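Some notes on the structure that comes next.
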Amino acid sequence: MKQEEKIKIVIQELEKLYPEAPLALRYRSAFELLVAVILSAQCTDERVNRVTEKLFEKYRSPQDFLNVPVEELEEDIRPTGFYRNKARALRECCHKLMREFGGEIPRDINQITKLPGVGRKTAAMVLGNAYGLNLGIAVDTHVRRVVQRLELTREKKNVDKIEQELMALVPQEKWTWFSNALILFGRHICQARKPKCGECPFREWCPSPDKVV
DNA sequence: CTCCCGATAT
DNA sequence: ATATCAGGAG
């Protein structure tokens, strides 16, 4: 089956499964979403939400992150793991936001990606969901696993390359929805450990049924 | 490629 | 015990 044929079916079925495909992360602004996505690395959304519920009461603006010792911030985000890296990233990110962007999240994919701790995945997710801008496709561990299993790509490790290939296949106005939906699909059906191939709408032609990639 | 790192599923 | 979870930097 050709890539164009596959992607058409995938989009069609995902639209049935997840017509809205909302994020599970809770946030009230682009800034809160940026913080939440940075915290979500190697961590479930549920735990991020538990942490941010209190965190966003205490830290309401980028400046607030600069007003406490980094050790205090580390303690406030500890349950999300990688807390030293994340605390430093948040701090430097907020510093740059204040110094170069007037405390606002830039709406440009190349500028937002220059923020410390913000890669393509975080950038695409924030711009897409907070601003409705389809400027990239968030290729996280779920998206990567699903497109590899379906062989929508042959690329194994380079997520930037996978993103380029997907952007060429998916209509731009669907980019944000597509990554959100694929993430939900990867979480609930095409899981890493015990994929629910019995519930999968692609099982008839999936090259990787019941095996772990 | 390695490191960062806690919580949960298997 | 081990793999994995909404990654990014050096």
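Everything numeric in this text was worked out from a predicted model, so none of it was measured. Residue numbers begin at 1 in each chain, while the letters A, B, ... track the order of the sequences.
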message = Could you check whether any side-chain N or O of A:R88 sits under 3.5 Å from a backbone N or O of A:G117, counting only pairs where one atom can act as donor and the other as acceptor?
response = no
query = Roughly, in whole Å, what's the span from NZ in A:K194 to P in C:dA3?
reply = 18 Å
query = If you look at every strand shown and take non-hydrogen atoms under 4.0 Å, does A:T80 touch a base, only sugar-phosphate, or nothing?
reply = nothing
ask   = Looking at CG of A:N180 and CE of A:M125, how far apart are the two atoms once the value is rounded to the nearest 0.5 Å?
value = 6.0 Å
inquiry  = Looking only at side-chain N and O atoms, does A:D76 offer a donor or acceptor that is under 3.5 Å from a partner on A:Y59?
reply    = yes
query = When you measure from every atom of DNA chain C, which of residues 173-185 of chain A have a heavy atom less than 4.0 Å away?
reply = A:I183
inquiry  = Between A:Y131 and A:I105 (side chain of the first, backbone of the second, donor and acceptor by atom type, cut-off under 3.5 Å), is there such a pair?
reply    = yes
message = Would A:W177 and A:E15 count as a side chain to side chain contact (heavy atoms under 4.5 Å, CB included) here? Give the steps.
response = CA-CA 9 Å; A:W177 164 82; A:E15 278 175 339; 3.3 Å; yes
ask   = Roughly how many Å is it from CG in A:D160 to P in C:dG7, rounded to a whole number?
value = 15 Å
ask   = Are A:E92 and A:K96 ion-paired here, with the side-chain N under 4.0 Å from a carboxylate O?
value = no
request  = Shoot me the first and last contacting nucleotide of DNA chain B against chain A, ordered 5' to 3', at under 4.0 angstrom to non-hydrogen atoms.
outcome  = B:dC4 to B:dA9
inquiry  = Which residues in residues 32-60 of chain A have a heavy atom closer than 4.0 Å to any atom of DNA chain C?
reply    = A:S40, A:A41, A:Q42, A:C43, A:D45
ask   = Where each residue is assigned the nucleotide of DNA chain C containing its nearest heavy atom, which of A:R187 and A:P116 is assigned the position nearer the 5′ end?
value = A:R187
task = May I ask you to verify if any side-chain N or O of A:T141 is less than 4.0 angstrom from the OP1 or OP2 atom of C:dG7?
result = no
ask   = Is the shortest side-chain N to carboxylate O distance from A:K16 to A:E13 below 4.0 Å?
value = yes
inquiry  = Is it the case that the side chain of A:E163 and the backbone of A:I137 share a donor-acceptor pair, with hydrogens and angles ignored and the cut-off at 3.5 Å?
reply    = yes
query = Can you check the A:I162 CD1 to C:dG7 P distance for me, whole Å?
reply = 14 Å
message = Name the residue from A:V10, A:L152, A:L182 that meets the side-chain contact (heavy atoms from CB on, under 4.5 Å) definition with A:V146.
response = A:L182
Lys/Arg N to Asp/Glu carboxylate O, A:E75 vs A:R78, below 4.0 Å = yes
message = Check the orientation of A:F65 and A:F31. Use parallel for under 30°, tilted for 30 to 60°, and perpendicular for over 60°.
response = perpendicular
inquiry  = Let's test your reading of the pairing rules: Watson-Crick or G-U wobble, both distances under 3.5 Å, then write DNA chain C as a dot-bracket string with ( ), [ ], | and dots.
reply    = |||||.||||
query = Rounding to the closest angstrom, what is the interatomic distance between B:dC5 and C:dG10 at atom P?
reply = 14 Å
message = Would you say that A:R26 contacts A:T52 through its side chain, given a criterion of any heavy-atom pair below 4.5 Å between the two side chains?
response = no
key: Pairwise distance CG(A:N49) to OG(A:S40) - rounded to 0.5 angstrom   = 10.0 Å
ask   = Taking DNA chain C as the partner, which of residues 11-26 of chain A come within under 4.0 angstrom of it by heavy atom?
value = A:L23, A:A24, A:L25
ask   = Rounded to the nearest 0.5 Å, how far apart are CZ of A:R187 and OG1 of A:T44?
value = 7.5 Å
inquiry  = Please determine whether the number of non-hydrogen atoms from other residues, nucleotides or ligands lying under 6.0 Å from atom NZ of A:K8 exceeds 12.
reply    = no
inquiry  = Any residue in residues 82-92 of chain A with a heavy atom nearer than 4.0 angstrom to DNA chain B? Just list them by number, or reply none.
reply    = A:F82, A:Y83, A:R84, A:N85
Contact check, side chains of A:R120 and A:I109, non-hydrogen atoms, under 4.5 Å = yes
task = Find the distance between CZ (A:F185) and CG (A:L150) and round it off to the nearest 0.5 Å.
result = 6.5 Å
ask   = Linking I/L/V/M/F/W/Y whenever their side-chain heavy atoms sit closer than 4.5 Å, directly or via other members, would A:I112 and A:L133 fall into one cluster?
value = yes
